[in-house]
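All remarks here apply to the structure that follows.
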Number of protein chains: 2
Amino acid sequence: MTNIRKVAELAGVSVATVSRALKTPDVVAPGTRDKVLAAVEQAGYRPNLTAVQFRSQRTRNLVVLVPTIANTFFARVIGGIQEAAQRRGYGILLCNTLGDERTERAYAGMVSTRQADGLIQLRAYDPFTASDGKARPPMVNACEVLDAAPCPTVRLDNRAAARAVTEHLLTLGHRRIGMIKGPRNSPLTRDRLLGFQDALAVAGLLPDESLVCPGDFTPSSGYRAAGDLLSRADPPTAIFCENDEMAMGAMRRLKEAGLRVPEDISVAGFDDIAFASFCDPPLTTIAQPAEEFGREAVALLLDSIDGRDATADEHRIMPFELVVRESTGPVA
Amino acid sequence: MTNIRKVAELAGVSVATVSRALKTPDVVAPGTRDKVLAAVEQAGYRPNLTAVQFRSQRTRNLVVLVPTIANTFFARVIGGIQEAAQRRGYGILLCNTLGDERTERAYAGMVSTRQADGLIQLRAYDPFTASDGKARPPMVNACEVLDAAPCPTVRLDNRAAARAVTEHLLTLGHRRIGMIKGPRNSPLTRDRLLGFQDALAVAGLLPDESLVCPGDFTPSSGYRAAGDLLSRADPPTAIFCENDEMAMGAMRRLKEAGLRVPEDISVAGFDDIAFASFCDPPLTTIAQPAEEFGREAVALLLDSIDGRDATADEHRIMPFELVVRESTGPVA
DNA sequence: CGGTGAAATGTAACCGGTTACATTAACAGA
DNA sequence: TCTGTTAATGTAACCGGTTACATTTCACCG
């Protein structure tokens with residue numbers, strides 16, 4: 001393999017001069033610089049980045065922990081992360097954790113062992129134990145965020161967004177509204193449920209626990225939950241799903257039961273994934289700037305890595321928008 | 001930062017003994033081993049992996065180039081890659097190239113510069129130029145595969161799969177069948193088109209170029225293309241889309257035109273993404289073992305990296321299955 | 001012409017592991 | 001007791017860059 005010494009020999013200069021000609025060209029004489037560049041070209045020299053990383057204690061890699069890449073929303077967030085990271089000269093090490101804490105800690109360890117400079121966590125979980133001490137590696141928590149996050153965060157006001165969806169349904173005259181939740185132990189799910197209940201309370205409605213079904217953000221869990229809601233003595237006239245995937249599963253189930261959406265029952269989702277405007281009927285949902293979540297997370301993380309902002313209390317609340325399409329309508 | 005020297009000092013042994021106690025424990029005396037492990041524990045020592053990578057010339061990272069992570073099928077493939085890589089102790093460096101060749105080459109360069117040990121390319125493009133010479137870094141090309149790939153490949157028999165879909169439509173009595181293609185210059189698209197034409201030819205039908213519309217694998221391109229097909233004097237009675245995303249876009253467009261699927265017009269897709277069984281009506285499509293593509297690609301790449309199999313002519317053809325759901329029916 | 005300072009370049013230490021080779025220790029057999 | 005052999009451990013070179021510091025070169029000025 002051609003290394004810097006071979007190039008130095010070829011150009012008739014020292015290794016230091018080669019290094020400088022490549023990294024800080026303005027400090028070497030023009031003539032020397034040209035000689036070096038010619039030698040680099042001739043030798044087909046590419047600096048060994050593991051050596052650079054080792055020496056400089058900087059890898060320019062970021063670890064990204066995502067609960068599941070199969071989720072369309074997360075895929076968009078990752079797209080944003082990757083784009084922003086690349087623009088700033090960073091690569092991303094992706095880990096699809098599937099919620100497994102051992103896996104999360106293993107990948108988080110890549111930061112402790114200097115394989116990456118920082119970490120973006122898209123789940124409400126802190127992979128660093130107390131034993132990591134006060135020397136917490138740079139981390140940003142985005143999308144699904146810990147209540148007392150020990151790091152900067154990027155999130156939505158999920159409670160307000162869920163209230164907006166619920167108010168929309170109430171305005172249409174719905175009074176018996178079902179909800180399909182996300183996974184338990186999730187602050188995000190809890191907040192959306194709170195927003196849902198807030199709106200009901202304002203409308204003077206008592207919360208009905210039996211109208212709230214568990215789900216796990218997959219279409220099939222939405223399908224099952226919708227079935228449960230239909231089997232009630234007095235099924236709801238509208239269903240609010242905590243994401244679009246479950247809403248699509250729910251709509252499938254409703255149609256199989258012979259119900260029309262929205263004439264017989266309304267359905268609302270959350271996230272505004274690409275399919276939301278193409279399913280039948282197009283889905284009323286909350287649009288989130290997914291890619292922007294990713295970009296913002298990268299910006300905060302790089303700030304933290306570069307020590308530009310030591311405070312771990314930098315929190316960004318991203319905007320949402322209620323997108324009313326055809327899956328919600330007046331109560332029958 | 002605690003390094004191996006601190007640990008050695010703490011344990012009262014040499015750095016070599018510490019290294020051995022961790023990497024090849026059987027060559028150090030049990031008593032010494034215990035002392036070292038205790039010192040490691042006490043110091044909270046984690047080996048600096050950049051140093052290990054630099055020294056051993058192995059990073060245990062793989063670069064993955066994906067045209068677009070937003071595509072549900074690719075997301076599943078990446079999930080398979082990530083899982084298999086992790087099981088073998090490798091991390092993945094993900095690059096969402098969006099088809100940009102500069103970006104692809106930049107990331108591919110991470111292999112040449114030793115930041116990664118190999119590369120998985122999910123697009124029909126070779127990021128290594130001739131100047132990289134005979135020292136081609138380990139690479140595997142999966143899913144969308146070059147005709148003369150200079151490396152092992154993992155792919156589907158797209159031609160046979162497309163023929164199977166088309167034969168299914170012919171069996172239902174369709175004679176005027178539209179097709180929505182993927183991006184131009186794609187061997188995968190070309191093969192699916194060939195399979196489509198094969199089936200038509202066997203049925204004695206002449207190919208009708210005007211029934212073949214361009215698309216780009218997004219729902220909106222399917223939506224547009226379906227509109228084009230409908231505007232013909234004699235629109236097709238069935239549409240074969242080269243992926244499920246476009247099929248869902250097309251179905252949306254057909255419904256807006258007041259057509260019922262499959263009573264008035266049949267639609268078939270390709271890939272069997274999660275939404276395929278939840279859209280309305282559930283989509284007839286080709287199921288591909290997406291995760292398995294990823295796992296297989298990793299297996300081939302690690303073989304190549306470890307020199308277990310020097311031949312670049314290892315090619316895997318993955319199985320497909322025609323999944324008939326409700327979006328296709330007899331011609332009206 | 002010698003002195004001065006700036007610019008250009010060279011020398012070598014250093015980053016933190018791994019490992020070839022050297023050394024020491026321990027023990028068996030003569 | 002001495003020698004040979006093996007196991008355990010230590011010493012130090014090495015990987016390929018970066019960079020502090022030393023040295024050389026050279027223009028310019030008194």
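Being a predicted model, the structure only gives us computed values, none of them experimental. Each chain gets a letter, A, B and so on, in the order the sequences are listed, and its residues count up from 1.
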**Q.** Partner residues of B:R88 under the salt bridge (charged side-chain N to carboxylate O under 4.0 Å, His left out) criterion, sequence neighbours left out
**A.** none
Name each donor-acceptor pair under 3.5 Å that joins a side chain in residues 75-85 of chain B to protein atoms two or more places apart or in another chain, with its distance.
{"residue": "B:R76", "atom": "NE", "partner": "B:E291", "partner atom": "OE1", "Å": "3.4"}
{"residue": "B:R76", "atom": "NE", "partner": "B:E291", "partner atom": "OE2", "Å": "3.1"}
{"residue": "B:R76", "atom": "NH1", "partner": "B:D272", "partner atom": "O", "Å": "3.4"}
{"residue": "B:R76", "atom": "NH2", "partner": "B:E291", "partner atom": "OE1", "Å": "3.0"}
{"residue": "B:Q82", "atom": "OE1", "partner": "A:N96", "partner atom": "N", "Å": "3.2"}
{"residue": "B:Q82", "atom": "NE2", "partner": "A:Y107", "partner atom": "OH", "Å": "3.2"}
{"residue": "B:Q82", "atom": "NE2", "partner": "B:Q86", "partner atom": "OE1", "Å": "3.3"}
{"residue": "B:E83", "atom": "OE1", "partner": "B:R295", "partner atom": "NE", "Å": "3.4"}
{"residue": "B:E83", "atom": "OE2", "partner": "B:R87", "partner atom": "NH1", "Å": "2.9"}

Q | B:F293: ring-ring contact (aromatic ring centres under 6.0 Å, His included) partners, not counting sequence neighbours | A | none
(Q) Does anything in residues 110-127 of chain B form a salt bridge (charged side-chain N to carboxylate O under 4.0 Å, His left out)? List the pairs, not counting sequence neighbours. (A) B:E104-B:R123, B:D126-B:R136
Q. If an axis is fit to five pairs at each end of the helix from C:dC1-D:dG30 to C:dA30-D:dT1, what is the angle between the two, to the nearest 10°?
A. 60°
**Q.** Of all pairs that satisfy side-chain hydrogen bond (donor to acceptor under 3.5 Å, both in side chains), the ones with a partner from residues 11-31 of chain B, not counting sequence neighbours
**A.** B:S14-B:T17
Q. Among pairs that include at least one residue of residues 29-43 of chain A, which meet side-chain hydrogen bond (donor to acceptor under 3.5 Å, both in side chains), considering only residues two or more places apart or in two chains?
A. none
Q) Considering residues at least two apart in sequence or located in another chain, which fulfil the ring-ring contact (aromatic ring centres under 6.0 Å, His included) criterion with B:F54? A) A:F54
**Q.** Contact residues, residues 25-36 of chain B to DNA chain C [heavy atom, < 4.0 Å]
**A.** none
**Q.** Letter per nucleotide, 5' to 3', of nucleotides 15-27 of chain D [B base touched, S only sugar-phosphate touched, - untouched; heavy atoms, 4.0 Å]
**A.** BBBBBB-------
Q: Output every pair passing side-chain hydrogen bond (donor to acceptor under 3.5 Å, both in side chains) with a member in residues 61-74 of chain B, not counting sequence neighbours, ordered by first then second residue.
A: B:T72-B:E245
Q | Heavy-atom closest pair, residues A:L93 and A:A116 | A | CD1-CB, 4.2 Å
Q | Which residues share a side chain to side chain contact (heavy atoms under 4.5 Å, CB included) with B:S186, sequence neighbours left out | A | B:E144, B:L188, B:T189
